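Along the sequence shown, residues carry numbers from 1. Because the structure is predicted, anything quoted here is derived from the model rather than measured.
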Amino acid sequence: MQDSSNMPPPEYATGVPAHPIITPGQWSTGLCDCGKDVPNCCLTCWCPCISFGRIAEVVDKGTTSCGVSGALYSILCLFTGCECVYSFMYRSKLRQQYMLPEQPCNDCLLHCFCECCALCQEYRELKYRGFEPSLGWQGNLASHNQGIVMPPIGPGEMKR
(Lines give C-alpha, C1' and ligand atoms only; values in the text may rest on other atoms or scores of the structure.)
Protein backbone atom coordinates (compact mmCIF):
# COMPACT_ATOMS: atom_id res chain seq x y z
CA MET A 1 0.00 0.00 0.00
CA GLN A 2 1.28 3.46 -0.90
CA ASP A 3 1.29 6.41 1.43
CA SER A 4 -1.39 8.79 0.08
CA SER A 5 0.56 11.85 1.25
CA ASN A 6 3.23 11.19 -1.39
CA MET A 7 0.79 10.74 -4.26
CA PRO A 8 0.41 13.52 -6.84
CA PRO A 9 -2.93 15.36 -7.00
CA PRO A 10 -5.62 13.69 -9.14
CA GLU A 11 -5.99 14.82 -12.74
CA TYR A 12 -9.06 15.46 -14.82
CA ALA A 13 -9.44 14.06 -18.33
CA THR A 14 -7.77 17.23 -19.65
CA GLY A 15 -4.56 16.46 -17.78
CA VAL A 16 -4.99 19.51 -15.55
CA PRO A 17 -4.16 18.73 -11.93
CA ALA A 18 -7.04 19.20 -9.53
CA HIS A 19 -5.79 21.51 -6.80
CA PRO A 20 -6.42 19.89 -3.42
CA ILE A 21 -7.24 23.21 -1.69
CA ILE A 22 -10.16 24.22 -3.91
CA THR A 23 -13.54 23.81 -2.30
CA PRO A 24 -16.55 24.22 -4.59
CA GLY A 25 -18.18 27.59 -4.07
CA GLN A 26 -15.16 29.06 -2.24
CA TRP A 27 -12.23 31.22 -3.30
CA SER A 28 -8.99 29.23 -3.23
CA THR A 29 -7.15 32.09 -1.50
CA GLY A 30 -8.14 35.14 0.47
CA LEU A 31 -8.18 38.70 -0.80
CA CYS A 32 -5.00 39.62 1.09
CA ASP A 33 -3.04 36.42 0.35
CA CYS A 34 -0.78 38.19 -2.13
CA GLY A 35 2.29 36.59 -0.53
CA LYS A 36 1.22 33.22 -1.92
CA ASP A 37 2.22 34.40 -5.42
CA VAL A 38 4.83 37.15 -5.09
CA PRO A 39 5.65 37.46 -8.84
CA ASN A 40 1.94 37.97 -9.60
CA CYS A 41 1.69 40.52 -6.79
CA CYS A 42 4.67 42.50 -8.10
CA LEU A 43 3.39 42.44 -11.68
CA THR A 44 -0.07 43.58 -10.58
CA CYS A 45 1.26 46.39 -8.38
CA TRP A 46 3.60 47.77 -11.04
CA CYS A 47 1.60 47.06 -14.18
CA PRO A 48 -2.01 46.10 -13.40
CA CYS A 49 -2.99 46.46 -17.07
CA ILE A 50 -1.00 43.29 -17.88
CA SER A 51 -2.55 41.27 -15.06
CA PHE A 52 -6.01 42.49 -15.99
CA GLY A 53 -5.50 41.73 -19.69
CA ARG A 54 -4.41 38.17 -18.88
CA ILE A 55 -7.37 37.63 -16.56
CA ALA A 56 -9.82 39.03 -19.12
CA GLU A 57 -8.51 36.80 -21.92
CA VAL A 58 -8.84 33.62 -19.87
CA VAL A 59 -12.20 34.56 -18.34
CA ASP A 60 -13.57 35.42 -21.80
CA LYS A 61 -12.17 32.13 -23.16
CA GLY A 62 -10.14 33.87 -25.83
CA THR A 63 -12.89 36.07 -27.30
CA THR A 64 -10.97 39.16 -26.17
CA SER A 65 -7.22 39.44 -26.32
CA CYS A 66 -4.89 40.30 -23.48
CA GLY A 67 -3.55 43.28 -25.42
CA VAL A 68 -6.93 44.84 -26.17
CA SER A 69 -8.24 44.38 -22.64
CA GLY A 70 -5.01 45.67 -21.10
CA ALA A 71 -5.00 48.69 -23.42
CA LEU A 72 -8.61 49.56 -22.56
CA TYR A 73 -7.78 49.22 -18.87
CA SER A 74 -4.76 51.54 -19.30
CA ILE A 75 -6.76 54.14 -21.23
CA LEU A 76 -9.47 54.15 -18.57
CA CYS A 77 -6.83 54.46 -15.86
CA LEU A 78 -4.95 57.31 -17.54
CA PHE A 79 -7.89 59.40 -18.70
CA THR A 80 -10.61 58.75 -16.12
CA GLY A 81 -9.04 56.99 -13.14
CA CYS A 82 -12.06 54.67 -13.16
CA GLU A 83 -10.54 51.45 -14.47
CA CYS A 84 -12.39 49.64 -11.68
CA VAL A 85 -15.65 50.14 -13.61
CA TYR A 86 -14.21 47.86 -16.31
CA SER A 87 -12.28 45.39 -14.13
CA PHE A 88 -15.08 44.60 -11.68
CA MET A 89 -17.15 43.13 -14.53
CA TYR A 90 -14.51 40.44 -15.05
CA ARG A 91 -14.52 39.57 -11.37
CA SER A 92 -18.29 39.07 -11.67
CA LYS A 93 -17.78 36.84 -14.75
CA LEU A 94 -15.13 34.81 -12.93
CA ARG A 95 -17.39 34.39 -9.91
CA GLN A 96 -20.29 33.24 -12.11
CA GLN A 97 -18.11 30.72 -13.97
CA TYR A 98 -16.92 29.09 -10.75
CA MET A 99 -19.93 29.85 -8.52
CA LEU A 100 -17.82 31.88 -6.10
CA PRO A 101 -19.32 34.08 -3.39
CA GLU A 102 -19.29 37.85 -3.61
CA GLN A 103 -17.05 38.54 -0.65
CA PRO A 104 -15.94 40.44 1.40
CA CYS A 105 -18.16 43.02 -0.35
CA ASN A 106 -19.66 43.52 -3.79
CA ASP A 107 -17.35 43.37 -6.81
CA CYS A 108 -17.56 47.06 -7.71
CA LEU A 109 -16.61 48.27 -4.22
CA LEU A 110 -13.85 45.70 -3.99
CA HIS A 111 -12.29 46.89 -7.24
CA CYS A 112 -12.75 50.57 -6.35
CA PHE A 113 -10.95 50.31 -3.01
CA CYS A 114 -8.72 47.23 -3.35
CA GLU A 115 -7.98 47.02 -7.09
CA CYS A 116 -4.56 45.39 -6.84
CA CYS A 117 -5.62 42.86 -4.21
CA ALA A 118 -8.72 41.94 -6.22
CA LEU A 119 -6.72 41.45 -9.44
CA CYS A 120 -4.11 39.37 -7.58
CA GLN A 121 -6.82 37.16 -6.09
CA GLU A 122 -8.48 36.64 -9.48
CA TYR A 123 -5.12 35.80 -11.09
CA ARG A 124 -4.36 33.28 -8.30
CA GLU A 125 -7.83 31.78 -8.64
CA LEU A 126 -7.26 31.07 -12.32
CA LYS A 127 -3.89 29.51 -11.52
CA TYR A 128 -5.37 27.33 -8.79
CA ARG A 129 -8.03 26.18 -11.24
CA GLY A 130 -5.40 24.94 -13.68
CA PHE A 131 -4.89 27.97 -15.92
CA GLU A 132 -1.68 29.89 -16.42
CA PRO A 133 -2.92 33.39 -17.30
CA SER A 134 0.43 34.39 -18.81
CA LEU A 135 -0.07 31.79 -21.57
CA GLY A 136 -3.36 33.28 -22.73
CA TRP A 137 -6.39 31.23 -23.70
CA GLN A 138 -4.83 29.42 -26.69
CA GLY A 139 -1.68 28.62 -24.74
CA ASN A 140 -3.75 27.10 -21.94
CA LEU A 141 -5.74 25.00 -24.41
CA ALA A 142 -2.52 23.71 -25.96
CA SER A 143 -0.94 22.88 -22.60
CA HIS A 144 -4.11 21.20 -21.32
CA ASN A 145 -4.39 19.01 -24.43
CA GLN A 146 -0.80 17.72 -24.33
CA GLY A 147 -0.61 13.98 -24.09
CA ILE A 148 -4.24 13.36 -24.91
CA VAL A 149 -4.60 11.01 -27.82
CA MET A 150 -7.97 10.76 -29.46
CA PRO A 151 -8.90 7.52 -31.23
CA PRO A 152 -9.40 7.83 -34.97
CA ILE A 153 -12.95 8.38 -36.08
CA GLY A 154 -14.15 6.03 -38.79
CA PRO A 155 -16.57 6.85 -41.61
CA GLY A 156 -19.49 5.19 -39.85
CA GLU A 157 -20.38 2.93 -37.02
CA MET A 158 -19.22 -0.67 -36.99
CA LYS A 159 -21.67 -3.30 -38.22
CA ARG A 160 -21.57 -7.07 -38.00
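Of the inter-residue distances, the one linking Glu122 atom CD with Ile55 atom CD1 reads 5.0 Å to the nearest 0.5 angstrom. Note that the NZ atom of Lys36 and the OH atom of Tyr128 stand 5.5 Å from one another [nearest 0.5 Å]. Put simply, OG on Ser74 and OH on Tyr86 are 10.5 Å apart, with the number rounded to the nearest 0.5 Å. For the atom pair Leu100 CG and Ser92 OG, the distance stands at 11.0 Å (nearest 0.5 Å). Here the CD atom belonging to Glu125 is positioned 5.5 Å from the CH2 atom belonging to Trp27, to the nearest 0.5 angstrom. For the atom pair CG (Asp37) and SG (Cys42), the distance works out to 9.5 Å, reported to the nearest 0.5 Å.
Of all heavy-atom pairs spanning Val59 and Gln97, the tightest one is O-NE2, 2.7 Å. Pairing each heavy atom of Thr44 with each of Cys116, the nearest pair is CG2-O, 3.6 Å. The minimum heavy-atom distance between Ser69 and Thr64, with the atom names listed, is OG-OG1, 3.7 Å. Heavy atoms only, all atoms of each residue included: Leu31 and Cys34 are closest at O-SG, 4.2 Å. The shortest non-hydrogen separation linking Pro133 to Lys127 is CD-CG, 3.6 Å. Nearest heavy-atom pair, Leu119 versus His111, reported as atom, atom and distance to 0.1 Å: CD2-CE1, 3.9 Å.
No donor-acceptor pair closer than 3.5 Å links the side chain of Arg129 to the backbone N or O of Ser28. Listed for the Asp60 side chain is no donor-acceptor partner under 3.5 Å among the backbone atoms of Thr63. Distance alone, capped at 3.5 Å, places no donor-acceptor pair between the Asn140 side chain and the Phe131 backbone. Listed for the Trp137 side chain is a donor-acceptor partner under 3.5 Å among the backbone atoms of Lys61.
Taking the six-membered ring for Trp, Phe52 and Tyr90 have ring centres closer than 6.0 Å.
Listed by first then second residue, pairs satisfying salt bridge (Lys or Arg N to Asp or Glu O under 4.0 Å) with a partner in residues 96-120 read Arg91-Asp107, Arg95-Glu102, Arg95-Asp107, not counting sequence neighbours.
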**Study point:** side chain to side chain contact (heavy atoms under 4.5 Å, CB included) assessment of Ser143 paired with Glu132
**Key:** CA-CA 9 Å; Ser143 70; Glu132 178 50 56; over 6 Å; no
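Looking at heavy atoms from C-beta onward, Gln121 lies out of side-chain contact with Cys117 at the 4.5 angstrom threshold. Leu43 is listed as a side-chain neighbour of Ile50, based on a closest heavy-atom distance under 4.5 Å. The shortest distance between side-chain heavy atoms of Leu135 and Val58 does not fall below 4.5 Å. Two residues are said to be in side-chain contact when any heavy atoms from C-beta on lie closer than 4.5 Å; Ser51 and Asn40 meet this criterion. With contacts defined as side-chain heavy-atom distances shorter than 4.5 Å, the pair Met99/Gln26 does not qualify.
Hydrophobic clustering of Ile, Leu, Val, Met, Phe, Trp and Tyr side chains at less than 4.5 Å, counting indirect connections, keeps Val85 apart from Ile75. Cluster membership for Met89 and Leu109, using ILVMFWY side-chain heavy atoms within less than 4.5 angstrom, is not shared.
In terms of the ring-ring contact (aromatic ring centres under 6.0 Å, His included) criterion, Tyr123 has no residue partners (sequence neighbours excluded). Partners of Phe88 by ring-ring contact (aromatic ring centres under 6.0 Å, His included), not counting sequence neighbours: none found.
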